[in-house]
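Everything on this sheet refers to the single structure shown next.
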Protein chains: 2
Amino acid sequence: MVSQKRVTARSSRVKALPIRSPGAERGEGRVQHGDRTSGRRYTACMSTGASLLGRRASIIDVAERAGVSRQTVTRAINDMPGISAATKQRVLDAARELQYRPSRFGRGLVSRGTPTLGLVVVDLTNGFWAELASAVLDEATERGWTVLIAETSHDARSAVATLLDHVDALFGLVDVPETELDELVGPTPIVLLDPKPDLRRRAWVRLDFESAMADAASHLVSKARRRIVMLDWSRSQPRSERATSFVHAVEGLGLDPLVLRHTATSEPSIDLGRLAAEEALVQWPDLDAFVCFNDPIAVGALKACQAVGRSVPADVSIIGVDGSAVGLVVTPELTTLSFDFRELARTAFSTLLASVEGSLADGGPAAHRPVRPQLVVRGSS
Amino acid sequence: MVSQKRVTARSSRVKALPIRSPGAERGEGRVQHGDRTSGRRYTACMSTGASLLGRRASIIDVAERAGVSRQTVTRAINDMPGISAATKQRVLDAARELQYRPSRFGRGLVSRGTPTLGLVVVDLTNGFWAELASAVLDEATERGWTVLIAETSHDARSAVATLLDHVDALFGLVDVPETELDELVGPTPIVLLDPKPDLRRRAWVRLDFESAMADAASHLVSKARRRIVMLDWSRSQPRSERATSFVHAVEGLGLDPLVLRHTATSEPSIDLGRLAAEEALVQWPDLDAFVCFNDPIAVGALKACQAVGRSVPADVSIIGVDGSAVGLVVTPELTTLSFDFRELARTAFSTLLASVEGSLADGGPAAHRPVRPQLVVRGSS
DNA sequence: CTGAAAGCGCTTACAG
DNA sequence: CTGAAAGCGCTTACAG
């Protein structure tokens with residue numbers, strides 16, 4: 001091993017070192033120190049100006065400075081047995097002086113490291129994503145995984161691309177066309193969160209709103225609501241999955257399903273919900289309930305109602321989807337179709353593991369256990 | 001190079017392969033296939049049962065299957081020039097068949113990878129941390145860094161320990177004693193967010209509430225408030241930094257500073273704020289304003305006031321700290337001392353880079369530019 | 001267009 | 001208690 005030769009050269013005689021082309025870029029900074037003449041000399045002072053990105057001291061530098069072999073450095077750094085206290089101290093001193101930090105790459109190459117999941121969220125300031133991220137972090141920690149998070153609100157493609165250099169698998173919402181997804185993600189295993197139909201050749205977690213929407217509709221009818229409006233949202237589809245379930249549920253009760261499809265390009269936020277609700281109140285003045293794409297939209301609808309003097313829940317009932325914390329902040333508190341985020345995270349993980357096994361066997365994704373939200377009735381309905 | 005020998009052995013004659021102890025653990029799964037007899041044979045079928053954690057196909061496996069050298073595989077995989085279309089296709093086919101994914105460790109060892117920041121947050125479902133995380137992700141992306149997030153709400157020590165295997169530096173709140181921090185973090189550069197005084201030997205970002213609290217106090221006095229109560233929170237200190245600034249500000253206006261130090265062990269949440277406010281309303285029945293540790297506590301105070309029929313802002317003014325989204329959801333909207341989270345993220349990064357340079361020079365952290373919140377007046381005051 | 005060599009930084013046996 | 005050798009998986013020159 002060439003790297004070993006260096007140590008030998010130092011401790012015996014100085015001889016012609018092998019040509020090391022990468023060394024050229026570090027030539028600046030090289031320091032001759034005492035009678036040591038190894039071309040690989042690295043001292044703290046030479047690193048002035050080195051950023052986190054630049055060359056750092058390696059285990060060999062520490063070994064040289066402490067006058068021991070690399071294995072001995074490993075023993076000292078990793079608290080392994082079979083090293084004298086004096087030697088250990090000498091190595092640790094040398095390590096500190098050189099600001100030695102083990103390379104995660106060198107280490108990972110040997111130990112393979114802990115598996116890392118890349119979580120692709122749209123926007124952490126949206127409660128749904130924050131709670132999902134929190135749950136995934138918890139679940140991952142329990143399983144010995146690490147989680148890396150990327151936000152796609154600015155640039156989905158570059159966010160995912162960056163993530164891919166660091167992770168073993170992906171989970172989340174990647175809103176790109178099918179063909180682009182293949183190109184973008186390549187061979188990395190991915191579990192998509194509730195994707196559009198054309199992306200369902202990949203492994204995915206299905207959110208199933210059918211039963212919860214049926215519960216919501218029955219609940220509203222029991223409150224004598226008849227003119228129920230869905231404030232939907234979707235970036236690229238004519239209608240969201242949850243709106244479809246809403247239509248089924250309302251029609252099942254013999255009512256007319258009213259759906260406002262807001263064609264905004266912005267995220268499904270409180271502001272957007274307010275606008276959408278104002279629009280709906282004009283379009284259907286006799287409406288008596290809102291079912292909303294998510295909780296932020298529902299909060300916006302609540303604000304819109306309050307602004308025009310329609311009392312909630314006396315005049316208008318409002319139901320959201322998420323179960324995120326924002327629903328507990330408003331007055332009245334928000335009735336919602338609430339997800340168990342921890343269950344969602346668990347399902348994502350088991351789908352991931354199954355899909356890796358499954359795809360090895362037959363190239364197809366594993367069977368999908370759907371995640372179903374639950375109706376939680378609070379003050380707004 | 002031994003790994004090279006393998007390829008040679010395969011393409012010429014089968015000779016005694018060097019003893020490879022790690023190979024033992026892969027012996028299960030070894031497959032003899034046609035006339036190929038390399039001990040390193042790896043085919044898709046042998047990997048059934050292999051998890052994400054197990055052995056994967058390496059570049060050598062792909063090279064063997066495609067009948068080319070490793071460099072040629074590199075060229076095909078990385079879209080490099082100097083490779084014929086036919087060869088490239090053959091390599092890509094082999095890679096797909098073996099489900100080849102480049103090892104991030106092997107790659108990082110050569111390219112050093114993009115730098116990675118570990119962000120230590122308490123709880124992403126708290127708006128402050130979610131917005132900070134979002135801002136740090138944005139800032140990091142612009143600088144070409146990747147961000148890994150850990151939540152400390154369950155177990156700060158293990159969260160940080162896991163993170164350390166993956167990152168080049170840390171930023172965030174690590175609420176452990178000084179001595180433990182050294183042991184936990186080791187030589188990894190870290191920037192602490194507004195730490196307790198005993199941790200300030202490390203690099204840190206200072207949050208300075210003096211001017212914003214002075215503005216808040218003046219504002220309240222201009223609204224004829226005289227009995228202003230601070231709902232404070234702190235896990236391990238007698239009084240938070242912001243409460244100290246509050247006392248300075250109120251005393252500066254010749255008023256009596258009233259501070260409720262809630263000795264709860266829970267996080268500073270809406271529920272806690274509600275409890276604290278109820279307590280304060282008993283202790284000081286004539287109070288006419290709350291200044292709160294953060295926005296969730298302020299929202300709790302708002303709920304408490306509404307519950308006992310004290311009108312906000314007519315009877316009681318409420319001011320929070322954060323500027324997170326929750327303040328825009330409540331009615332009336334929350335007056336708050338609002339942070340520019342993007343500025344906070346920027347400051348963290350520049351402190352990090354300065355501290356790395358600085359500590360190389362003299363072992364001490366860089367100078368601290370404080371981050372100051374701004375008073376944003378909304379409906380609650 | 002393709003391949004043999006050297007090297008990235010670390011750890012795991014093994015031999016003394 | 002300590003060190004020489006082999007190897008992890010990849011890329012970057014360099015030589016043909």
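Here is the naming used below: chain letters follow the sequence lines, and residue numbers restart at 1 for every chain. Note that the structure is predicted; figures quoted are calculated from it, not measured.
When rounded to the nearest whole Å, the span between CG of A:Leu109 and P of D:dT11 equals 12 Å. Per the geometry, CZ belonging to A:Arg104 stands 19 Å off P belonging to D:dG9, to the nearest Å. Rounded to whole Å, atom P of D:dC8 lies 15 Å from atom CZ of B:Arg56. Atom P of nucleotide D:dG3 and atom CZ of A:Arg90 are separated by 9 Å, given to the nearest angstrom. Distance, A:Leu98 CG to C:dG9 P: 13 Å, rounded to whole Å. Whole-Å rounding puts the B:Gln71 CD to C:dG3 P distance at 8 Å. When the C1' atom of D:dA4 is taken as reference, atom CD1 of A:Ile60 falls 12 Å away, rounded to whole Å. Spacing between atom CD1 of B:Ile59 and atom C1' of D:dT12 amounts to 12 Å, rounded to whole angstrom units.
Secondary-structure stems of DNA chain D, taken as three or more successive Watson-Crick or G-U wobble pairs (i with j, i+1 with j-1) under a 3.5 Å distance threshold, comprise C:1-3 with D:14-16, C:5-12 with D:5-12, C:14-16 with D:1-3.
B:Ser84 has no side-chain polar atom (N or O) that falls below the 4.0 Å cut-off from OP1 or OP2 of C:dC1. The phosphate of D:dT2 has neither OP1 nor OP2 within less than 4.0 Å of any side-chain N or O from A:Thr72. For B:Arg107 and D:dG9, the shortest distance from a side-chain N or O to OP1 or OP2 is not below 4.0 Å. Using a 4.0 Å cut-off, no side-chain N or O of A:Ser103 falls inside it from OP1 or OP2 of C:dG9.
The closest side-chain heavy-atom distance from B:His154 to A:Thr141 is not below 4.5 Å. B:Arg56 places a side-chain heavy atom less than 4.5 Å from the side chain of A:Asp168. Side-chain contact between A:Val136 and A:Leu117 is present, with heavy atoms from C-beta onward closer than 4.5 Å.
Under a 3.5 Å cut-off, the side chain of A:Arg75 and the backbone N or O of A:Met80 do not form any donor-acceptor pair. A:Thr188 places no side-chain N or O within donor-acceptor distance of the main-chain N or O of A:Ala169, the cut-off being under 3.5 Å. The closest donor-acceptor contact from the side chain of A:Asp182 to the backbone of A:Thr179 lies at 3.5 Å or more, if one exists at all.
The stretch residues 75-83 of chain B touches DNA chain C through B:Arg75, B:Gly82, B:Ile83, each having a heavy atom under 4.0 angstrom from the strand.
Scored by the side-chain contact (heavy atoms from CB on, under 4.5 Å) test, A:Ala150 finds A:Ala159, A:Leu163 as partners (sequence neighbours excluded).
Among the atoms of the strands shown, only primed sugar atoms or phosphate atoms (P, OP1, OP2) are found under 4.0 Å from some heavy atom of A:Thr87. If you check every strand for non-hydrogen atoms under 4.0 Å, B:Thr74 touches a base.
The residue among B:Gly106 and B:Ala85 whose nearest nucleotide of DNA chain C is located toward the 5' end is B:Ala85.
Between B:Arg96 and B:Asp93, at least one side-chain nitrogen of the basic residue sits less than 4.0 Å from a carboxylate oxygen of the acidic one, meeting the salt-bridge criterion. Of the charged side-chain nitrogens involved, at least one lies within less than 4.0 Å of a carboxylate oxygen, so that B:Lys88 and B:Asp79 count as a salt-bridged pair.
Here the closest non-hydrogen pair linking A:Leu199 and A:Leu181 is CD2-CD2, 3.7 Å.
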